[in-house]
Amino acid sequence: MCGEGEEAQDDCGSREEWTLLFWTSVAVVVPVIITLWCSAQRSKRKTHMKDFFRKSKHGWHYTDLFNKPTYCCVCSQHILQGAFCDCCGVCADEQCLRRADRSLPCKEIMAPSSPEGAMEHRWVRGNVPLASYCAVCKQQCGTQPKLCDFRCVWCQTTVHDDCMESLTDGDVCDLGEFHSLIIPPHYLYRVNKLRRRHPDEYSKVLKSGLAFGWTPVLVLANTRSGNNMGEVLLGEFRTLLNPVQVFDLSQLTPSKALQLCTLLPPGSVQVLVCGGDGTVGWVLDAIDAMKLKGQDQFIPRVTILPLGTGNDLSNTLGWGAGYAGEIPVEQVLRNILDAEVVKMDRWKVQVASKGVYFRKPKVLSMNNYFSVGPDALMALSFHAHREKTPSFFSSRIINKAVYFLYGTRDCLVQECKDLDKRIELELDGERVELPSLEGIIVCNIGYWGGGCRLWEGMGDEPCPPTRLDDGLLEVVGVFGSFHCAQIQVKLANPVRLGQAHTVRLVLKSSTMPMQVDGEPWAQGPCTITITHKTQALMLYHSAEQTDDDDDETSLQETARVAEACLESTAK
């Protein structure tokens, strides 16, 4: 009897264990299955939405959370999760998205004008920009917590619902503040029609655009530069300009984007490059290709919105060392309107490897600087690691911190020491005796290394100033990574080796890191020849107060102090 009781207890215990194991498995497996199913549905939904966005005429962007109170343009309900068009500003929740796509037209990049030749307003109701004011009553718009008020997608005029009937200008749109930068849709419609059927009238239309001071701007943005702000900027520029003027360089090359210049008045086009110095060089190479095609009359002027890490060329031209959204896009366009045209030398860097006679020399274009030594070694190490893990290098601060770590490591290792024994330098055909250096830098612009004035420095020795258009290169030497760091914080000066129209370097032995405008590589024995290539038309932005203004102010203050001292002495 006791044995039967023990067996019954064992059966009961094993049954309870199996029951516990079953429910534990269910508790673990069911959430996993639900999570996998939800993930699959989310992925399927994303694919479906992406396909829908690709076929739509709107520039839809899906968001899980709007950053300001937003209302659906179809059902007028408040939405947190949905999509918005970065061209016309239409917003819709997920349920109303298809209806919005069918019933609410987007900006037309090419359309005929009205019979009177005027352009009509294209109104979108609701979600007007913050701090916008009614064109009729001059009171603030968009203050009510609902879908209200209107905005023209071309001239950005905002009008209250009640003031719409009192609008004095009727249906005439003048394209607003940036009318001289916008390509009107009726212009493209007319030019495209004349180019195919009436070539003579087409040429006249192109030249007639110059009489009105029209300077359209093309925006070329690299979405992979710097802080990854390119995607946001593309949307903001599409809102203010004709979407046909805005190009994503991850989807279209500069050569194809710049072909739009041939449909615009010759010599009137401006190109805004949103990216780093490498992106600017890419665009300038595409402009040189236009010259080879015989399209010299359509060459644009180039300006920069710096999104990269170094941005030395942008700094030299007065556009700042880096853009992080500190000024609105509208102010960026105003600065372009006020900028002046300057010429900038471009250089050809020819690298002929020693002992390889059957291979053509490598030819590169240079805008900023060429260097061999520690700064090129840091750029090479940075470039190699960014190729492996590009997502890690998405912040300008992180990029500069990584550069600092590589520079610190090189201070200990000194991979580029005894450079003067391995390399020969010639300036305009004359041999230059080198001190015990670790690096040589050949500069075309005033800034180097992320904002350092390399040539002028902080020394008292007089030296000829740097210019963008003088056909001269400035050549300096550095003693190592630590010396580079001292130069950047203004605790030391580089070794000035001279200025020249032609620079020639001969690497006699070993392999050395080199770079041209931040594009590094490891190079064996070779001969490097740097000669003048061409000149590019750039836009220079002068700040409100320059260093010269500061000097004049200080002199005036000194004069006042001196006068006050003389007066007190006389008394």
Side-chain angles (χ1 to χ4, degrees), residues 5-86 89-102 104 127 221-235 248 250-251 307 324-325 382-399 401-402 405:
E6 292 176 356
E7 289 179 1
Q9 288 180 357
D10 291 340
D11 291 341
C12 183
S14 63
R15 197 178 300 116
E16 290 178 355
E17 289 178 0
W18 280 106
T19 302
L20 180 62
L21 180 62
F22 171 76
W23 287 111
T24 303
S25 301
V26 170
V28 172
V29 172
V30 170
V32 171
I33 292 174
I34 293 175
T35 303
L36 292 175
W37 182 82
C38 291
S39 178
Q41 292 298 315
R42 184 179 178 87
S43 178
K44 183 178 179 181
R45 179 167 145 272
K46 272 188 174 182
T47 304
H48 181 71
M49 294 287 287
K50 189 175 181 180
D51 185 61
F52 170 72
F53 290 166
R54 183 175 54 85
K55 295 178 181 179
S56 174
K57 291 184 178 180
H58 283 274
W60 292 115
H61 289 268
Y62 191 83
T63 178
D64 291 325
L65 182 66
F66 284 93
N67 59 4
K68 65 177 183 179
T70 305
Y71 301 89
C72 178
C73 293
V74 177
C75 66
S76 303
Q77 297 299 313
H78 181 264
I79 54 175
L80 294 176
Q81 187 178 10
F84 66 94
C85 175
D86 62 3
V90 168
C91 302
D93 56 31
E94 196 167 338
Q95 291 74 23
C96 301
L97 195 55
R98 290 187 174 277
R99 187 177 169 190
D101 193 67
R102 291 192 304 267
L104 301 175
N127 304 308
N222 186 352
T223 55
R224 299 172 184 173
S225 290
N227 288 344
N228 289 337
M229 291 188 60
E231 193 68 34
V232 176
L233 287 170
L234 284 171
D248 185 353
S250 65
Q251 300 178 2
L307 301 183
F382 175 84
H383 183 75
H385 284 81
R386 185 170 61 176
E387 289 294 315
K388 293 179 182 178
T389 55
S391 59
F392 179 74
F393 297 90
S394 59
S395 169
R396 189 180 292 129
I397 296 176
I398 291 177
N399 294 350
V402 172
L405 291 176

Novice: Calculate, to the nearest 0.5 Å, the distance between atoms CD and CG belonging to Gln251 and Leu234 respectively.
Specialist: 8.5 Å
Novice: Kindly write out the residues that satisfy side chain to side chain contact (heavy atoms under 4.5 Å, CB included) with Val32, not counting sequence neighbours, or none if the list is empty.
Specialist: Leu36
Novice: Walk me through whether Gln81 and Tyr62 qualify under side chain to side chain contact (heavy atoms under 4.5 Å, CB included).
Specialist: CA-CA 8 Å; Gln81 187 178 10; Tyr62 191 83; 2.9 Å; yes
Novice: Does the side chain of Asn222 reach to within under 4.5 Å of the side chain of Ser250, using non-hydrogen atoms?
Specialist: no
Novice: Using the test side chain to side chain contact (heavy atoms under 4.5 Å, CB included), find all partners of Val29 that sit at least two apart in sequence or belong to another chain.
Specialist: Ile33
Novice: What are the two closest non-hydrogen atoms of Gly82 and Phe66, and how far apart are they?
Specialist: N-CE1, 3.9 Å
Novice: Minimum heavy-atom separation for Ala100 and Trp60, please, with both atom names.
Specialist: CB-CH2, 4.2 Å
Novice: Measure the CZ-CZ distance between Arg98 and Phe52 for me, rounded to the nearest 0.5 Å.
Specialist: 5.0 Å
Novice: What do you reckon, is NZ of Lys68 surrounded by more than 12 foreign heavy atoms closer than 6.0 Å?
Specialist: yes
Novice: Does Arg54 have any side chain to side chain donor-acceptor pair (under 3.5 Å) partners at least two apart in sequence or in another chain, and if so, which?
Specialist: Asp51
Novice: Does the side chain of His58 reach to within under 4.5 Å of the side chain of Asp101, using non-hydrogen atoms?
Specialist: yes
Novice: Are side-chain heavy atoms of Val28 and Trp23 found at a separation under 4.5 Å?
Specialist: no
Novice: Of all heavy-atom pairs between Gly230 and Ala221, which one has the smallest distance, and what is that distance?
Specialist: O-CB, 4.4 Å
Novice: Under a 4.5 Å cut-off applied to non-hydrogen side-chain atoms, are Leu307 and Leu233 in contact?
Specialist: yes
Novice: Kindly say whether Leu21 contributes a backbone atom to a donor-acceptor pair with the side chain of Ser25 at under 3.5 angstrom?
Specialist: yes
Novice: For His61, what residues pass the side chain to side chain donor-acceptor pair (under 3.5 Å) criterion, not counting sequence neighbours?
Specialist: Asp86
Novice: Output all residues satisfying side chain to side chain donor-acceptor pair (under 3.5 Å) with Asn127, sequence neighbours left out; order by chain, then residue number.
Specialist: none
Novice: Find the distance between SG (Cys96) and CZ (Arg102) and round it off to the nearest 0.5 Å.
Specialist: 10.5 Å
Novice: Between CZ of Arg99 and SG of Cys73, what distance do you get to the nearest 0.5 Å?
Specialist: 12.0 Å
Novice: Holding to side chain to side chain donor-acceptor pair (under 3.5 Å), I want the full list of residues that pass it with Thr63, two or more places apart in sequence or in another chain.
Specialist: none
Novice: Nearest 0.5 Å please: distance from the OH atom of Tyr71 over to the CD1 atom of Ile79.
Specialist: 10.5 Å
Novice: Mind checking side chain to side chain contact (heavy atoms under 4.5 Å, CB included) for Ile34 and listing every partner two or more places apart, or none if nothing turns up?
Specialist: Val30, Cys38
Novice: At what distance, to the nearest 0.5 angstrom, does OG1 of Thr70 lie from CG of Asp93?
Specialist: 11.5 Å
